[in-house]
Amino acid sequence: VQLQASGGGLVQAGGSLTLSCAASGGTSVIYAMGWFRQAPGKEREFVAAITWKGGSTLYADSVKGRFTISKDNAKNTMALLMNSLKPEDSAVYYCATEIRPYRRVLKTTAEDYDYWGQGTQVTVSS
């Protein structure tokens with residue numbers, strides 16, 4: 001599975017951005033897709049995830065109520081709508097997919113995801 005993330009950019013605090021992730025090559029085996037982010041000097045952290053077939057979602061507490069994850073199975077894409085952005089949301093955002101779940105629940109640990117996109121930079125100015 002190949003993933004291509006896009007949509008990052010520079011936005012003022014309080015603004016919005018939508019990230020997209022396009023999946024290709026074997027999407028029929030996808031169980032879930034997720035977004036992670038990594039700021040300079042920090043570990044990669046979970047942002048949100050969605051099951052590919054059922055559409056169940058999971059969010060990090062830090063983004064709950066501000067970010068919305070969605071998918072379009074027909075287009076093999078996933079999106080992350082980010083509202084009310086804060087400077088602390090600045091990071092490189094990565095999309096990832098899990099295809100071999102040991103348990104059929106959404107995961108928040110990067111090691112549980114099998115394939116990763118290249119990342120897209122989001123910068124929120126104060």
Side-chain angles (χ1 to χ4, degrees):
V1 179
Q2 293 81 45
L3 302 175
Q4 181 74 36
S6 62
L10 173 64
V11 64
Q12 288 187 333
S16 300
L17 271 179
T18 299
L19 305 182
S20 296
C21 180
S24 60
T27 56
S28 63
V29 298
I30 292 176
Y31 166 69
M33 294 187 72
W35 289 98
F36 287 76
R37 65 187 182 186
Q38 188 167 19
K42 295 187 176 181
E43 293 187 354
R44 191 169 297 191
E45 66 172 353
F46 171 76
V47 176
I50 187 167
T51 55
W52 193 239
K53 293 184 178 179
S56 297
T57 59
L58 182 67
Y59 295 92
D61 288 342
S62 59
V63 306
K64 201 173 295 183
R66 300 188 297 123
F67 291 10
T68 302
I69 190 171
S70 62
K71 64 180 178 69
D72 185 331
N73 294 83
K75 296 181 179 179
N76 289 332
T77 58
M78 172 181 65
L80 184 69
L81 170 60
M82 305 184 293
N83 291 324
S84 302
L85 282 163
K86 305 174 182 180
E88 51 263 43
D89 294 318
S90 297
V92 177
Y93 283 70
Y94 298 90
C95 59
T97 183
E98 181 185 14
I99 65 170
R100 294 184 290 266
Y102 58 88
R103 257 192 334 143
R104 298 187 76 81
V105 295
L106 289 169
K107 318 295 192 308
T108 62
T109 305
E111 290 74 15
D112 288 317
Y113 289 78
D114 302 296
Y115 296 96
W116 291 80
Q118 85 287 5
T120 185
Q121 176 71 48
V122 172
T123 303
V124 184
S125 62
S126 57

Let me have the donor-acceptor pairs involving side chains of residues 7-18, under 3.5 Å, with sequence neighbours excluded, atom names and distances please.
from: Ser16; atom 1: OG; to: Asn83; atom 2: OD1; distance (Å): 2.7

Item to check | Residue pair Asp114 / Ile99: nearest heavy atoms and the distance that separates them | outcome: OD2-N, 2.6 Å
Item to check | Derivation and outcome, side chain to side chain contact (heavy atoms under 4.5 Å, CB included), residues Met33 and Leu3 | outcome: CA-CA 10 Å; Met33 294 187 72; Leu3 302 175; 3.7 Å; yes
Item to check | Close side-chain approach of Thr108 and Leu58, heavy atoms under 4.5 Å | outcome: yes
Checklist entry - Can you tell me how far the SG atom of Cys21 sits from the CG atom of Leu80, to the nearest 0.5 Å? => result 10.5 Å
Next on the checklist: Taking the side chain as everything from C-beta on, heavy atoms only, tell me whether Met82 gets closer than 4.5 Å to Arg66.
Outcome noted: no
Item to check | side chain to side chain contact (heavy atoms under 4.5 Å, CB included) between Thr77 and Ser20, intermediate numbers included | outcome: CA-CA 7 Å; Thr77 58; Ser20 296; 5.9 Å; no
Next on the checklist: Check whether Thr97 reaches the backbone of Gly34 with its side chain - one donor and one acceptor, N or O, closer than 3.5 Å.
Outcome noted: no
Checklist outcome for this item: From the list Tyr94, Tyr113, Tyr93, ring pair (Phe, Tyr, Trp, His ring centres under 6.0 Å) partner of Phe36 resolves to Tyr113
Next on the checklist: For Val124 and Lys86: C-alpha separation, side-chain torsions, deciding distance, then whether side chain to side chain contact (heavy atoms under 4.5 Å, CB included) applies.
Outcome noted: CA-CA 6 Å; Val124 184; Lys86 305 174 182 180; 5.5 Å; no
Next on the checklist: If hydrophobic clusters are built by linking Ile, Leu, Val, Met, Phe, Trp and Tyr wherever their side-chain heavy atoms come under 4.5 Å apart, do Met78 and Tyr59 end up in the same one?
Outcome noted: yes
Next on the checklist: Tell me the closest heavy-atom pair linking Gly25 and Gln2, and the distance in Å.
Outcome noted: CA-OE1, 3.9 Å
Checklist entry - Can you name the closest pair of heavy atoms from Cys95 and Ala5 and give their distance? => result SG-CB, 3.9 Å
Checklist entry - So, for Val1 and Ile30, which heavy atoms are closest and what is the spacing to 0.1 Å? => result CG1-CD1, 4.3 Å
Next on the checklist: Any salt bridge linking Lys64 with Asp61? Criterion: basic side-chain nitrogen under 4.0 Å from a carboxylate oxygen.
Outcome noted: yes
Next on the checklist: So that I know where these two stand, are Phe67 and Trp35 an aromatic pair - ring centroids less than 6.0 Å apart?
Outcome noted: no
Next on the checklist: Looking at every heavy atom in both Lys107 and Glu98, which two are closest together, and how far apart are they?
Outcome noted: NZ-OE2, 2.9 Å
Under 3.5 Å, which donor-acceptor pairs do the side chains of residues 45-53 form with other protein atoms, sequence neighbours left out?
from: Glu45; atom 1: OE2; to: Arg37; atom 2: NE; distance (Å): 2.6
from: Glu45; atom 1: OE2; to: Arg37; atom 2: NH2; distance (Å): 3.2
from: Thr51; atom 1: OG1; to: Gly55; atom 2: N; distance (Å): 2.9
from: Thr51; atom 1: OG1; to: Ser56; atom 2: N; distance (Å): 2.8

Next on the checklist: Could you check whether any side-chain N or O of Tyr102 sits under 3.5 Å from a backbone N or O of Asp112, counting only pairs where one atom can act as donor and the other as acceptor?
Outcome noted: no
Item to check | Spatial distance of atom OG (Ser28) from atom CG (Asn76) [nearest 0.5 Å] | outcome: 9.5 Å
